[in-house]
Amino acid sequence: MRNVVLVCLDAVRKDFFDEYARRLRDRADIEYAQVRAVSGWSVPSHASMFAGTLPHKHGIHTFDRDFSGLKREETFLGELPNHEALGASANVYASDAFGFDELFDSYRSVSPDRRFPEGIDAERWGQEADETGLARYLAFLRSALGHEHPLSSAANGVLVEIDNWLADAPFEKPLDDGANIVAREARRLVSTASEPFVLFTNFMDVHGPLTPVRTYNSDLYNAPPSWSSRAFDGRAVEHGELDDIRDDIEHHRDLYAAATEYLDRVVDNLVDWLDANTSEETTVVVTADHGENLGYKTDRRLFAHRSGLTEGLLHVPLLVLNPPAEMDDIVDDYVSHLRLGELVTGLATGIVPNVTDDVITAERIGFNVPVSPDATSLRDEDCAIRVAYEGDVKYQWNTLGSRHRYRLDPDRPSWQERDAEDVDVSGYETSLFETPIDEYRKRVEAADSRTATVNDTIEERLMDLGYRWCRCKDNPEGYLLIGWTITSNEEHHFIMSRYSPQGFLRRVRTAAHWAGGYRLRRLSSCKFVECSESRVYVYRTAP
């Protein structure tokens, strides 16, 4: 039996991986060139990677984001009863907040706000504390010293404060977005585990928002040190409003490349450590749960992974390092993440299974950001979408009635070109999917959601990552409050609640971006106004 490590590079698309992950590609023994994710964002993709079924089968997607109903025996981990199951993830959805950790024997859910997971969650502590000023710091110190892990707790608090203080500093961030934490926790888990083991890791540094980090290769970008992708609204690209944000688009793409190259270094070092510190042979599988739209024409000018099933989202890398057989092979046939578990279990038991298929599928059940409760009609991006691949052709259809065919080029990763509309997809729909797309979409819309209830810290993290829309209601003072309360009027007032002043400036950018794309140009003209009942802080800047 062999150890197997499954590395998920969250949101890494194939074309950028090919160019910027040279170390991992050079040491790979098998490279699968035509791999497709099963869906376009983390929740359904992770469930499909582990369960080997489409989202409409396992039921974990936009309308139900709770993994706790997925049992270990329903995943490939159940096929490896003699392996200890370990995991470390910086993805908030692939964490204990949504029950993902229940699949494993040992799991570490980490984030930039909790760099030592065994210690106090400093951000959550801050939300619940009533003290202000020096008394607040002393109260946290007392809590840290009384915790089971005082040093880790204190370190979490210090690092959160440093991150907040430096959010708008005129130099690169000194700390990454979790890659070193995940790698460190992976090493800790392996050091105390029995062999054989299967280890899952999720690295989130390529996932937006992006900003320059000190450990990135600065030759790959020229963005100002304090620039952040929160500074512009990617939807402006979709609407063709490019004149004011062309530099921002290039900064975003360059930092995406730099983050990819950085993860290549981090994972390469982790592989070296595994080689030196495991007794049994250890095979490493590197892939991504989905890719990312970067506003290219072939991405349909979409940004991020809010909607659609473009090749930028679905075409992902897949490498195998140190397989059971001595190989040096590039596999050009289609591989779906539906068979990723079969690949992992085969490698763990000493074989390299054939996981290719002539026809593969993908599916998306709605938008990854919850629909506004005030929405009166179905948004285009909120439809259900299905895809079938065969040969050099991709068929795509949705619940809005679109039926398109795209031409693919095996030599151009992450590329597609629409060449036909109103095509007949009935054969794929009936033979490859158990439930008709319209029927399933109506069924889940009508059902009660089983999505996990999360605390304010998780809500904030999801908002930072762009996974939360804001809900609107009126404020007696005349402001329009949106969720954590953001709004704009002629003077560009932004209002947020629940946040401490230290973290406010960083989060107001994110909130403004996702609520309506307001661009903050004069961060220096900031005033904090506290409302004793709801702790509301007001940010004002000239338009």
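Quick caveat, the model's predicted, so the values are computed rather than measured. Here, residue 1 is the first one in the sequence, and each next residue gets the next number.
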His58 versus Ser48, side-chain donor and acceptor atoms under 3.5 Å: yes
Any donor-acceptor N or O pair under 3.5 Å, side chains His46, Asn202: yes
Test side-chain hydrogen bond (donor to acceptor under 3.5 Å, both in side chains) applied to Lys394 - qualifying residues, sequence neighbours left out: Glu311, Gln416
Partner residues of Glu19 under the salt bridge (Lys or Arg N to Asp or Glu O under 4.0 Å) criterion, sequence neighbours left out: none
Ring centre gap for Phe67 and Phe50 strictly below 6.0 Å: no
Pair Asp176, Thr215: side-chain N/O donor-acceptor within cut-off below 3.5 Å: no
Nearest-0.5 Å distance that lies between atom CD1 in Ile60 and atom CD1 in Ile365: 12.5 Å
Sole candidate of Val316, Val286, Asp289 that passes side chain to side chain contact (heavy atoms under 4.5 Å, CB included) when paired with Leu9: Val286
Tyr256 six-ring centre to Arg13 NZ/CZ under 6.0 Å and within 45° of normal: no
His61 side chain to Ser39 side chain, donor-acceptor N/O pair below 3.5 angstrom: no
Check against side chain to side chain contact (heavy atoms under 4.5 Å, CB included), Arg364 and Trp41: CA-CA 9 Å; Arg364 185 168 191 143; Trp41 68 292; 3.7 Å; yes
Within 6.0 Å of CZ in Arg214, more than 12 heavy atoms from elsewhere: no
Test side-chain hydrogen bond (donor to acceptor under 3.5 Å, both in side chains) applied to Asp18 - qualifying residues, sequence neighbours left out: Lys14
Nearest atoms (heavy-atom pairs only) where Phe116 meets Ser152: CB-CB, 3.7 Å
With sequence neighbours excluded, residues passing salt bridge (Lys or Arg N to Asp or Glu O under 4.0 Å) with Arg22: none
Ion pair Arg27/Asp272, N-O distance below 4.0 Å: yes
Carboxylate-amine/guanidinium contact Glu250 Arg246, below 4.0 Å: no
Glu417/Arg412 ion pair, N-O < 4.0 Å: no
Residues which pass side-chain hydrogen bond (donor to acceptor under 3.5 Å, both in side chains) with Asp205, listed by chain and number, not counting sequence neighbours: none
Set of residues satisfying side-chain hydrogen bond (donor to acceptor under 3.5 Å, both in side chains) with respect to Arg184, sequence neighbours excluded: none
